[in-house]
**Student:** 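Would you mind keeping the following structure in view while I ask a few things?
Below, each value reflects all heavy atoms present in this structure, side chains not excepted, and no hydrogens, waters or symmetry copies.
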Amino acid sequence: MRQGKLFVISGPSGAGKGTICNELIKTGNFALSVSMTTRTPRTGEIPGKSYFFVTEEEFVRTIEEGGFLEHAQIYGNRYGTPKGPVLRQLAEGRDVILEIEMQGALSVKRSYPDAVLIFILPPSLAVLRQRLAGRGTETEEEIEKRSSQCLSEIRMINDYDYYVVNDVLSDAVADALAIVRAEQLSTGAGCDELIRKYEEE
Ligand code: 5GP
């Protein structure tokens with residue numbers, strides 16, 4: 001049976017990776033991994049759907065048990081991708097999407113070189129600043145910090161397999177789906193199953 005593919009959507013904060021992921025999930029063709037985090041839930045977030053909200057102790061125990069595909073610390077909170085559900089879905093032939101920050105994305109690529117890393121870019125740093133200001137959750141100083149952090153993250157783009165510029169959302173989603181399709185049709189991972197299908201005719 002064909003193994004599923006692991007797609008990792010990552011990139012600077014404010015580039016719109018969450019929105020693009022939600023659109024991809026809506027197609028019904030992907031399994032989404034639910035991460036574990038030690039941060040407190042925000043209004044409207046549903047435990048087990050948005051995240052598994054856990055204590056520091058539970059998080060550390062999961063690390064010790066080898067239960068994470070990757071994990072990272074971001075702004076004082078811990079985030080991790082539970083390994084079991086992802087590997088199970090892939091084994092069942094489902095393509096899985098991870099929406100994670102960059103340290104995590106690069107760590108996934110080291111342990112699973114077949115993972116496909118997609119970098120979501122804002123159209124410009126000026127647009128990124130406007131988007132962050134529009135969210136109204138960051139101060140002026142934080143926006144400047146995020147914007148210069150974005151630039152240092154963009155400098156790591158060569159470690160990724162693909163990039164998508166998120167200017168018009170529908171175009172960005174179409175680009176991401178084109179990447180997914182190309183990867184699904186790639187002969188890179190071998191085509192024994194396909195050959196057998198023709199041989200059996
Ligand atoms: P937030 O707290 O705003 O939901 O997420 C903060 C950052 O953590 C986002 O960039 C998000 O993509 C990232 N993130 C969410 N889950 C995971 C995870 O399981 N692993 C890693 N490495 N990053 C994650």
**Student:** Enumerate the ring-ring contact (aromatic ring centres under 6.0 Å, His included) contacts for residues 158-201, please, sequence neighbours excluded, ordered by first and then second residue.
**Tutor:**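 Counting only pairs at least two positions apart or across chains, the ring-ring contact (aromatic ring centres under 6.0 Å, His included) contacts touching residues 158-201 are Phe119-Tyr160.
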**Student:** Quick check: closest heavy atoms across Glu101 and Ala72, and the distance to 0.1 Å?
**Tutor:**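 For Glu101 versus Ala72, the nearest heavy atoms are OE2-CB, 3.4 Å.
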**Student:** Quick check on the hydrophobic clustering: are Leu32 and Val164 connected, directly or via other members, by side-chain heavy-atom contacts under 4.5 Å?
**Tutor:**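 Yes, same cluster.
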**Student:** In terms of hydrophobic clustering (I, L, V, M, F, W, Y; side-chain heavy atoms under 4.5 Å; direct or indirect links), are Ile179 and Ile20 co-clustered?
**Tutor:**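 Both belong to a single hydrophobic cluster.
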**Student:** Of Asp161, Asp114, Asp159, which meets salt bridge (Lys or Arg N to Asp or Glu O under 4.0 Å) against Lys109?
**Tutor:**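 Answer to the salt bridge (Lys or Arg N to Asp or Glu O under 4.0 Å) test with Lys109 among Asp161, Asp114, Asp159: Asp161.
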**Student:** Taking the side chain as every heavy atom from C-beta outward, state whether Thr81 and Val108 have any pair of such atoms under 4.5 Å apart.
**Tutor:**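 No, too far: nothing below the 4.5 Å cut-off.
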**Student:** Taking side chain as C-beta onward, heavy atoms only, is Leu106 less than 4.5 Å from Leu117?
**Tutor:**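 Yes, side chains in contact.
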**Student:** Within a strict 4.5 Å, meaning less than it, do heavy atoms of the Leu24 and Phe7 side chains meet?
**Tutor:**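 Leu24 vs Phe7: side chains apart.
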**Student:** Would Val60 and Leu69 show up in the same hydrophobic cluster when neighbours are defined by side-chain heavy atoms closer than 4.5 Å?
**Tutor:**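 As far as the 4.5 Å side-chain criterion goes, Leu69 and Val60 are not connected within one cluster.
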**Student:** Is any side-chain heavy atom of Ile157 less than 4.5 Å from a side-chain heavy atom of Leu121?
**Tutor:**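 Result yes, sub-4.5 Å side-chain heavy-atom pair found.
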**Student:** Taking the side chain as everything from C-beta on, heavy atoms only, tell me whether Arg131 gets closer than 4.5 Å to Pro123.
**Tutor:**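 The answer is yes, as the side chains (C-beta and beyond) meet within the 4.5 Å cut-off.
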**Student:** Which pairs with one or both residues in residues 63-86 pass salt bridge (Lys or Arg N to Asp or Glu O under 4.0 Å), sequence neighbours excluded?
**Tutor:**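 Qualifying pairs, neighbours excluded: Glu56-Arg78.
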**Student:** Flag the pair Ile74 / Asn77 as yes when at least one side-chain heavy-atom distance between them is below 4.5 Å, and no otherwise.
**Tutor:**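 Counting from C-beta outward, Ile74 and Asn77 never come under 4.5 Å.
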**Student:** By the ring-ring contact (aromatic ring centres under 6.0 Å, His included) test, which pairs, at least two apart or in different chains, include something from residues 56-105?
**Tutor:**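 ring-ring contact (aromatic ring centres under 6.0 Å, His included) check on residues 56-105 returns Tyr51-Tyr79, Phe59-Phe68, Phe68-His71.
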**Student:** So do Leu98 and Leu6 actually touch side chain to side chain, heavy atoms under 4.5 Å?
**Tutor:**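 Contact flag for Leu6/Leu98 side chains = yes.
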**Student:** Side-chain contact test, heavy atoms from C-beta onward, threshold under 4.5 Å: evaluate it for Arg129 versus Arg146 and give yes or no.
**Tutor:**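 A side-chain contact under 4.5 Å is absent here.
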**Student:** If every non-hydrogen atom of Leu125 is compared with every non-hydrogen atom of Cys150, which pair is closest and at what distance?
**Tutor:**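 So the minimum-distance heavy-atom pair works out to CD2-SG, 3.6 Å.
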**Student:** Which pair of heavy atoms, one from Ala115 and one from Val8, lies closest together, and at what distance?
**Tutor:**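 Between these two residues, the closest heavy atoms are CB-CG2, 4.4 Å.
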**Student:** Looking at every non-hydrogen atom in both residues, tell me the closest pair between Arg135 and Ser13 and how far apart they are.
**Tutor:**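 Heavy atoms of Arg135 and Ser13 come nearest at NH2-OG, 3.8 Å.
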**Student:** State whether a side-chain donor-acceptor pair under 3.5 Å links Glu183 with Ser186.
**Tutor:**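 No - no donor-acceptor pair under 3.5 Å links their side chains.
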